[in-house]
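FYI, side chains are in, hydrogens and waters are out, and symmetry mates aren't considered; it's all heavy atoms of this structure. Sequence lines set the chain letters: A, B, ... in the order given, protein chains first and strands last, and positions in each chain run from 1. Owing to the predicted nature of the structure, the values given are computational and were not obtained by experimental measurement.
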Amino acid sequence: MTRVVGHLDLDYFFAQVEEVHNPSLGGLPVLVCVYSGRTEDSGVVSTANYKAREFGIKSGMSIALAKKRLKGTDARFLQLHHEMYEDTSERIMSLLREETDAIEQTGIDEAFFDITGKSKNDFALAASTASEIKREVLRREKLTCSIGLGPNKVVAKLASDFRKPDGLTVVPPQSVRSFMDPMSVDRLYGVGTKSSALLKEKGITTISDLASADFPLLEGLFGRKIAVYFRDAANGVDDEPVREKSGITQLSRIITLKKDSQDLNVILMQLQPTFENLHGRVTERALVFKSISVIGILPDLSIRTRTKTLDKPTAQLSAIAENAPLLLESLLKECGELRRVGVKVADFDAKAQTSLAEFLR
DNA sequence: CCCTCGATCAC
DNA sequence: CCTCATATCGAGGG
C-alpha cells in the first residue's frame, strides 16, 4: 500500500518571523543569534535570512565571524524571541493538522504529514493540497515554506530540502530512484559529518553507492540498527508511520560559564538558576524523574557526563540541587577546567507522563 | 537486565 | 571561534 507523505519546512524560520514582525528589516541581512553572555560578541548565528546568506553567513557560525563578513553592510543582529516563534509555529501546526490526515512535528519549524486518504493516493491531487497549504501559511502568517511530497518520510524530507525557499517538490514512487540516486550521501537524514567521512573512505559518496553497498561493511562501520536504516533509506524504503511521538524522555539545560573554571563553588553559583529553571519545567509538565546528570563541556569542546539513578522517582528541586554538585565534583576531578556546564533529568515515570501533561494535549 | 558513558545527529 | 536541547545507539561493567 503506497502512501502520500509530505514534509513541510518553514523557510529560515526565526529570521522570517522577525521580518514579518518588523517590516523595516526588509531587504537587509538579518541574523538571529544566540548570545552566550561570555563577551559582547560571543555566541553563534541561529538563523540567517537569504540576504545574509549571500555574504556566506550560515547557522552555527560564530557571531564574531559573521560580523567580519558583514562589515560595511546594514546587517541586523537580533536576539532570539522564542515565545514569538513558538506561537507562530503552533498556529501553523494546527493549520497543517486541519488540512491533513495526520501530522508529526519534528521541530519548531518542520513537520511530516500524511495525506494518503485525502489525496486518494494521487500525487497530482496531493500536489494541489500542498499548494493550498503553502497558500494558507502565506495568507495567514505571511510566511513562505518549502514542501516535499513522496511515498514516505525519508523521501519527503529530501524533497522539501530540494528546492528552497518557497519550494514544492513532488516525488511520486516511480521517480524515487532517479531523484535520490545522484544525491550526495550526506543529504540523507541521519548522515552527518562523521558518517559521511567514514563512507567516503570506502568510496561511498552518492546515495546510489550507499544503496548497493556491502551490508556487512556498513554493519561494521555503524552497527546493526544504523546499517539497516542507511541501506533501506538509500533505497527509498521507509515504513515509519507519520505519528506524533509519545512523550519527552529527558529535559536539560546547559549554560556557558563567564570564564573557564575548575572551581566547584564558582561553577555552582552560575548553575543555581539552571537547577530552578529545569525544576520549573519538570513541574510544568507534571513529571517525576528517576535520573540526574551533569554535563560538562571542556575548553576543547569535548563532552563529559556523570549520571546518578535515584532509588525512587521524584520531582523535588532538592534532588537536583543535592545530587548535581556531587556529580559535578566527580566530573571536575577527572577533567579539570570546564567551559560550559549543564544539568539533565531523565527516566520519567510512565505514570506521571500520562497524567496532567498528557491530559492537556 | 540495569547502569553509565561516549558518540553521533540535527534543531 | 565554538549555542542549546533531545533522541538514539552501542560498548562495557556488573
Side-chain angles (χ1 to χ4, degrees), chain A residues 7 9-10 12-14 31-47 57-69 77 79-80 82 85-86 89 104-111 157 161 185-199 218-230 233 240 245-257 260 274 277-278 281 285 290-311 327 330-331 334-335 338-348:
Chain A
H7 183 257
D9 201 325
L10 293 156
Y12 62 105
F13 183 51
F14 297 172
L31 290 73
V32 179
C33 302
V34 184
Y35 290 93
S36 69
R38 180 166 263 228
T39 66
E40 174 85 4
D41 274 355
S42 62
V44 295
V45 176
S46 170
T47 318
I57 307 303
K58 296 209 172 98
S59 57
M61 170 182 284
S62 73
I63 295 169
L65 179 54
K67 285 216 163 152
K68 272 183 209 160
R69 298 224 174 152
F77 291 77
Q79 280 201 318
L80 291 164
H82 226 276
Y85 315 143
E86 295 280 1
S89 169
E104 174 181 334
Q105 193 176 342
T106 52
I108 191 169
D109 63 347
E110 59 180 83
K157 172 100 179 160
D161 195 48
V185 276
D186 51 20
R187 303 287 291 274
L188 262 191
Y189 181 87
V191 179
T193 51
K194 301 290 183 177
S195 309
S196 172
L198 280 176
L199 289 169
L218 295 180
E219 191 174 1
L221 290 176
F222 305 109
R224 191 67 192 257
K225 287 258 191 175
I226 290 172
V228 168
Y229 165 73
F230 280 177
E240 288 303 306
K245 293 277 171 275
S246 44
I248 49 166
T249 61
Q250 56 177 250
L251 285 171
S252 65
R253 179 137 172 90
I254 188 161
I255 60 164
T256 301
L257 296 169
D260 293 358
T274 305
N277 177 291
L278 191 60
R281 289 197 287 150
R285 294 161 204 243
K290 204 165 173 265
S291 80
I292 302 168
S293 309
V294 296
I295 305 147
I297 294 161
L298 280 54
D300 69 358
L301 301 185
S302 63
I303 299 171
R304 298 286 186 285
T305 61
R306 285 290 182 279
T307 302
K308 170 158 175 97
T309 300
L310 306 171
D311 301 326
L327 294 165
S330 144
L331 197 96
E334 181 195 294
C335 47
L338 295 181
R339 176 185 176 89
R340 307 175 62 211
V341 272
V343 201
K344 171 177 103 169
V345 291
D347 297 328
F348 301 130

Determine: side-chain N/O of [X] to OP1/OP2 of [N], distance under 4.0 Å, yes or no.
{"X": "A:S46", "N": "C:dT3", "value": "no"}
{"X": "A:R339", "N": "C:dC4", "value": "no"}
{"X": "A:S252", "N": "C:dA5", "value": "no"}
{"X": "A:R253", "N": "C:dA5", "value": "yes"}
{"X": "A:T256", "N": "C:dC2", "value": "no"}
{"X": "A:R224", "N": "C:dC9", "value": "no"}

Donor-acceptor contact present, side-chain [X] to main-chain [Y], <3.5 Å:
{"X": "A:R339", "Y": "A:T256", "answer": "no"}
{"X": "A:R281", "Y": "A:S252", "answer": "yes"}
{"X": "A:T47", "Y": "A:F13", "answer": "no"}

Nearest-Å distance for atom pair [atom1]/[atom2], residues [X] and [N]:
{"X": "A:I295", "N": "C:dT3", "atom1": "CD1", "atom2": "C1'", "result": "13 Å"}
{"X": "A:I255", "N": "C:dC4", "atom1": "CD1", "atom2": "P", "result": "8 Å"}
{"X": "A:K344", "N": "C:dT6", "atom1": "NZ", "atom2": "P", "result": "10 Å"}
{"X": "A:K245", "N": "C:dA5", "atom1": "NZ", "atom2": "C1'", "result": "17 Å"}
{"X": "A:R38", "N": "C:dC4", "atom1": "CZ", "atom2": "C1'", "result": "15 Å"}
{"X": "A:R340", "N": "C:dC2", "atom1": "CZ", "atom2": "C1'", "result": "8 Å"}
{"X": "A:L31", "N": "C:dT3", "atom1": "CG", "atom2": "P", "result": "16 Å"}
{"X": "A:F222", "N": "C:dG10", "atom1": "CZ", "atom2": "P", "result": "12 Å"}

Classify [X] by what it touches in the nucleic acid, base, sugar-phosphate, or nothing, heavy-atom distance under 4.0 Å.
{"X": "A:R281", "value": "sugar-phosphate"}
{"X": "A:L65", "value": "nothing"}
{"X": "A:L251", "value": "sugar-phosphate"}
{"X": "A:S42", "value": "sugar-phosphate"}

query = What's the closest nucleotide to the A:Q250 side chain, out of C:dT3, C:dC9, C:dT6?
reply =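 Out of C:dT3, C:dC9, C:dT6, the nucleotide with an atom closest to A:Q250's side chain is C:dT6.
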inquiry  = Nearest to the side chain of A:K225, heavy atoms from C-beta on, is which of C:dT3, C:dC1, C:dG10?
reply    =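 Closest nucleotide to the A:K225 side chain: C:dG10.
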key: B/S/- contact track for nucleotides 2-11 of chain B, protein heavy atom under 4.0 Å   = -SSSS-SSSS
Watson-Crick or G-U wobble partner for [N], using a 3.5 Å limit on both distances?
{"N": "C:dG14", "value": "B:dC1"}
{"N": "C:dA7", "value": "B:dT8"}
{"N": "C:dC2", "value": "none"}

ask   = Counting heavy atoms not belonging to A:K194, are there more than 12 under 6.0 Å from its NZ?
value =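 Incorrect, the count does not exceed 12.
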request  = Would you indicate whether A:F77, at its atom CZ, is surrounded by more than 12 heavy atoms from other residues, nucleotides or ligands within a distance under 6.0 Å?
outcome  =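 Counting neighbours around CZ of A:F77, more than 12 heavy atoms of other residues, nucleotides or ligands fall under 6.0 Å, so yes.
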query = Rounding to the closest angstrom, what is the interatomic distance between C:dT6 and B:dG6 at atom C1'?
reply =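 Taking atom C1' in both C:dT6 and B:dG6, they lie 16 Å apart.
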inquiry  = Angle between ring planes, A:Y85 versus A:F14, binned at 30° and 60°: parallel, tilted or perpendicular?
reply    =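 Ring orientation, 0 to 90° scale: parallel.
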message = Between A:T305 and A:K344, is there a side-chain heavy-atom distance shorter than 4.5 Å?
response =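 No; the side chains remain at least 4.5 Å from each other.
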ask   = Closer to the 5' end of DNA chain C via nearest nucleotide, is it A:I254 or A:G43?
value =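 It is A:G43, whose closest nucleotide lies nearer the 5' terminus.
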query = Going through the distances and angles, do A:S36 and A:S42 end up as a side-chain hydrogen bond (donor to acceptor under 3.5 Å, both in side chains)?
reply = CA-CA 6 Å; A:S36 69; A:S42 62; 2.9 Å; yes
task = Show your reasoning for whether side chain to side chain contact (heavy atoms under 4.5 Å, CB included) applies to A:V341 and A:L257.
result = CA-CA 7 Å; A:V341 272; A:L257 296 169; 3.8 Å; yes
